[in-house]
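As the structure is a computational prediction, the values presented were derived from the model and not from experiment. What's counted below: heavy atoms across the whole structure, side chains too, no hydrogens, waters or symmetry copies. A, B, ... follow the sequence lines: proteins, then strands. Residue 1 opens every chain.
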There are 2 protein chains.
Amino acid sequence: MSVQDKKTLPMEMFMDLERSGPIPLYFQVSQRIEKAILSGELPAGSRLENEVALGQRLGLSRPTVRRAIQEIVDKGLLVRRRGIGTQVVHGQVTRKVELTSLYDDLTNTHKVPSTHLLTLESQAADVRTAERLGVDEGSPTLHLRRVRLADDVPVAVMENWLPKEFIGIEAADLVAHGLYQVLRSRGVTMRVARQHIGARTSTNDEAGLLEIEKNSALLTMDRTAFDNSGRAIEFGRHCYRPDLYSFEVTLVEK
Amino acid sequence: MSVQDKKTLPMEMFMDLERSGPIPLYFQVSQRIEKAILSGELPAGSRLENEVALGQRLGLSRPTVRRAIQEIVDKGLLVRRRGIGTQVVHGQVTRKVELTSLYDDLTNTHKVPSTHLLTLESQAADVRTAERLGVDEGSPTLHLRRVRLADDVPVAVMENWLPKEFIGIEAADLVAHGLYQVLRSRGVTMRVARQHIGARTSTNDEAGLLEIEKNSALLTMDRTAFDNSGRAIEFGRHCYRPDLYSFEVTLVEK
DNA sequence: TTTGGCCAGTTGTCATGACAATATCAGGTC
DNA sequence: GACCTGATATTGTCATGACAACTGGCCAAA
């Protein structure tokens, strides 16, 4: 009758919830709902069953169901309206930018990533690097410069500085696994990152590395990443070939 | 003794909570805590009082206090660790990118924004526009093209398409208030936006409008915005002078 | 001295219950 | 027919209680 579908889909896919496993219930539920949305089982504009009824059918409390739904709302896939209900957003499927590295991005899109390591050295921190990493000027840092390739085509030139406790990182690891994977394997997990995205004209050096013409446009990203305790872990200045890479950001008003 | 301050600040600033007002309690609490962080009253690295004790002292339940804290964690200002407590992040204050327009951004940074309206017309949707807005190809849309200036210096060239119900928008409103303000005044509130950020070389036309050299680098942003019901409200292709504008994104790993 | 286990502190998850705020819709009244 | 009104449905907010999981430090044993 109205614009949006009124049939609340049955969704009898929740029979296998692990109530004693390590995975939170709300996460199990949100994953299943999200999967249903992305697979088209819950088409755009369709209404979700209301929180109370859904919880009753799954044998879960309303806060648990509510949190599961909220997770998906935060991703921008669902919209809730008081007095109305919860709907799948119209428009195309959106993917939120997550805290991952370019290496992860490329593997997720089924391209074959590889790395040329240009520089791997200990370097005294200059003013800017010291400020970003929260260390004293002149203190040692690990400095690396790499070219990232996807299917053997250069995509990005990446320059990074890390605090001195990472100076032991080996070249082989970086070529094989990407920086964030190496850091994760050393027990460091990124928690917050602050990025600046801009553009500028390429230098001759960068143009050569990226196999593009001199003075052509580059997409740039500066990032400072922090770990669980809020300590700066990495400061990076990256530049990307704009014809091969762009950033996708999904914003949700609260 | 340890790395971080152990003194849990007293914070006797919560005496004026409005329990019957329209503002949620968790929001009142989160605002006060955030203010304390930004003002330096809660310095970087300091520990927050634990959830249970804070709730008891304020006469609030733990879920309410917890939600207040979570709001700030989502902004990247606090970090919680099980078994440890909640700390103010080290590093600089970060500001999350929000769902605002360039006009709002400029007024927030105390620059004086103005607009040159180049085009305001009804236009049949081409394939791409139709797909983005979720309308039929060839159906009427409102097409506008503007130059945004900050302190009389051109910053961006913005081209937008809106569904046909906005065709009545007048030129005077756009020059005076910015697109998003005009839409808000017509009862439309943006809820979700999907943005692609990239870079490319300027055309001669754009270079002239932005008062930069031909073939210099531009920062570009394509956006599709959706309202409360998930319907596409706006599709825009913008390009910015990279020396005057950049995007800031704060990412938080969950 | 070093190692291991125990204990207290803190956040993470989940359940139950209640009331408020808002949107839709049907019906009645002017 | 237009407008008001009330009933209904749904999400928003908040309280209380309980247990699990993780961290760090203390203390005893090897």
Side-chain angles (χ1 to χ4, degrees), chain A residues 1-8 17-31 46-74 78-87 187 189 191 227-229 253-254, chain B residues 1-4 6-8 17-31 46-74 78-87 187 189 191 227-230 253-254:
Chain A
M1 175 184 283
S2 71
V3 180
Q4 48 269 31
D5 270 329
K6 296 208 68 171
K7 64 172 169 22
T8 58
L17 292 179
E18 276 192 281
R19 301 192 72 91
S20 56
I23 305 164
L25 287 170
Y26 73 86
F27 188 74
Q28 296 182 48
V29 174
S30 74
Q31 272 194 322
S46 65
R47 267 184 52 191
L48 209 63
E49 194 172 350
N50 79 69
E51 295 171 353
V52 181
L54 186 56
Q56 206 159 17
R57 218 169 36 127
L58 303 182
L60 295 173
S61 72
R62 189 180 159 209
T64 302
V65 173
R66 187 172 169 74
R67 176 156 182 190
I69 294 175
Q70 190 60 46
E71 294 271 322
I72 308 173
V73 172
D74 289 339
L78 288 177
V79 177
R80 21 179 26 152
R81 280 193 289 170
R82 179 187 304 200
I84 303 292
T86 307
Q87 295 179 325
T189 55
R191 196 61 171 269
D227 70 357
N228 284 327
S229 66
E253 184 97 340
K254 297 224 171 156
Chain B
M1 174 184 288
S2 71
V3 181
Q4 50 269 28
K6 296 208 67 171
K7 63 172 168 26
T8 58
L17 291 179
E18 276 191 278
R19 301 191 72 91
S20 56
I23 305 164
L25 287 171
Y26 73 85
F27 188 74
Q28 296 183 47
V29 174
S30 74
Q31 271 194 324
S46 65
R47 268 183 50 192
L48 209 64
E49 193 173 351
N50 79 69
E51 296 172 352
V52 181
L54 186 56
Q56 205 158 18
R57 217 168 37 125
L58 302 182
L60 297 173
S61 71
R62 188 178 161 211
T64 303
V65 173
R66 186 170 171 74
R67 175 153 183 192
I69 294 175
Q70 190 61 46
E71 293 271 323
I72 308 173
V73 171
D74 289 340
L78 288 178
V79 177
R80 14 178 34 147
R81 280 192 289 171
R82 181 188 301 200
I84 303 292
T86 307
Q87 294 179 325
T189 55
R191 195 61 172 269
D227 70 356
N228 284 328
S229 67
E253 183 96 340
K254 298 231 169 145

- Residue whose nearest DNA chain C nucleotide is more 5′ - A:Gly83 or A:Ile23: A:Ile23
- Between C:dT11 (P) and B:Leu48 (CG): distance, integer Å: 8 Å
- For C:dG12, does OP1 or OP2 lie under 4.0 Å from any side-chain N or O of B:Arg66? yes
- Item | Whether B:Glu71 side chain and B:Phe27 backbone form a donor-acceptor pair below 3.5 Å | no
- Message: Measure CZ/B:Arg62 against P/C:dT16 and give the value in whole Å, please.
- Response: 18 Å
- Yes or no on side-chain contact (heavy atoms from CB on, under 4.5 Å) for B:Leu78 and B:Ile69, after CA distance, side-chain angles and deciding distance? CA-CA 8 Å; B:Leu78 288 178; B:Ile69 294 175; 4.1 Å; yes
- Message: Run A:Gln70 and A:Arg80 through side-chain contact (heavy atoms from CB on, under 4.5 Å) and show every step you take.
- Response: CA-CA 9 Å; A:Gln70 190 60 46; A:Arg80 21 179 26 152; 2.7 Å; yes
- Query: Between atom CD in A:Glu51 and atom C1' in C:dT22, what is the gap in whole Å?
  - Reply: 14 Å
- Message: Exactly one of A:Arg66, A:Gln31, A:Arg67 should register a side chain to side chain donor-acceptor pair (under 3.5 Å) with A:Tyr26. Which one does?
- Response: A:Arg67
- Using a heavy-atom cut-off of under 4.0 Å over every strand shown, decide if A:Pro24 touches base, sugar-phosphate, or nothing. sugar-phosphate
- Would you mind telling me which of D:dT10, C:dC14, D:dT13 lies closest to the side-chain atoms of A:Asn50? D:dT10
- Indicate whether OP1 or OP2 belonging to C:dC14 is found under 4.0 Å from a side-chain N or O atom of A:Tyr26. no
- Note on the structure: B:Ile84 CD1 to C:dA8 C1', in whole Å, measures 13 Å
- A:Arg80 vs D:dT10: side-chain N/O to OP1/OP2 distance below 4.0 Å: no
- Atom of A:Glu51, atom of A:Val65 and distance for their closest heavy-atom approach: O-CG1, 3.9 Å
- Message: Below the 4.0 Å mark, does D:dT11 have OP1 or OP2 next to a side-chain nitrogen or oxygen of A:Thr86?
- Response: yes
- Rounding to a whole Å, what distance do you find between B:Gln56:CD and D:dT16:C1'? 12 Å
- Item | Rounded distance (Å) that lies between atom C1' of D:dC14 and atom CD of B:Glu71 | 15 Å
- To the nearest Å, how far apart are A:Leu54 CG and D:dT11 C1'? 14 Å
- Message: It should be established whether A:Arg81 places a side-chain nitrogen or oxygen under 4.0 Å from OP1 or OP2 of nucleotide C:dT22.
- Response: no
- Message: Considering every strand and a 4.0 Å limit on heavy-atom distances, what is the contact class for A:Gly59: base, sugar-phosphate, or nothing?
- Response: sugar-phosphate
- Query: Does any N or O donor sit under 3.5 Å from an N or O acceptor when you compare the side chain of B:Arg82 with the base of C:dG9?
  - Reply: no
- Item | Rounded distance in Å - CZ (A:Arg67) to C1' (D:dT13) | 17 Å
- Query: Is any side-chain N or O of A:Thr64 closer than 4.0 Å to OP1 or OP2 of C:dA15?
  - Reply: yes
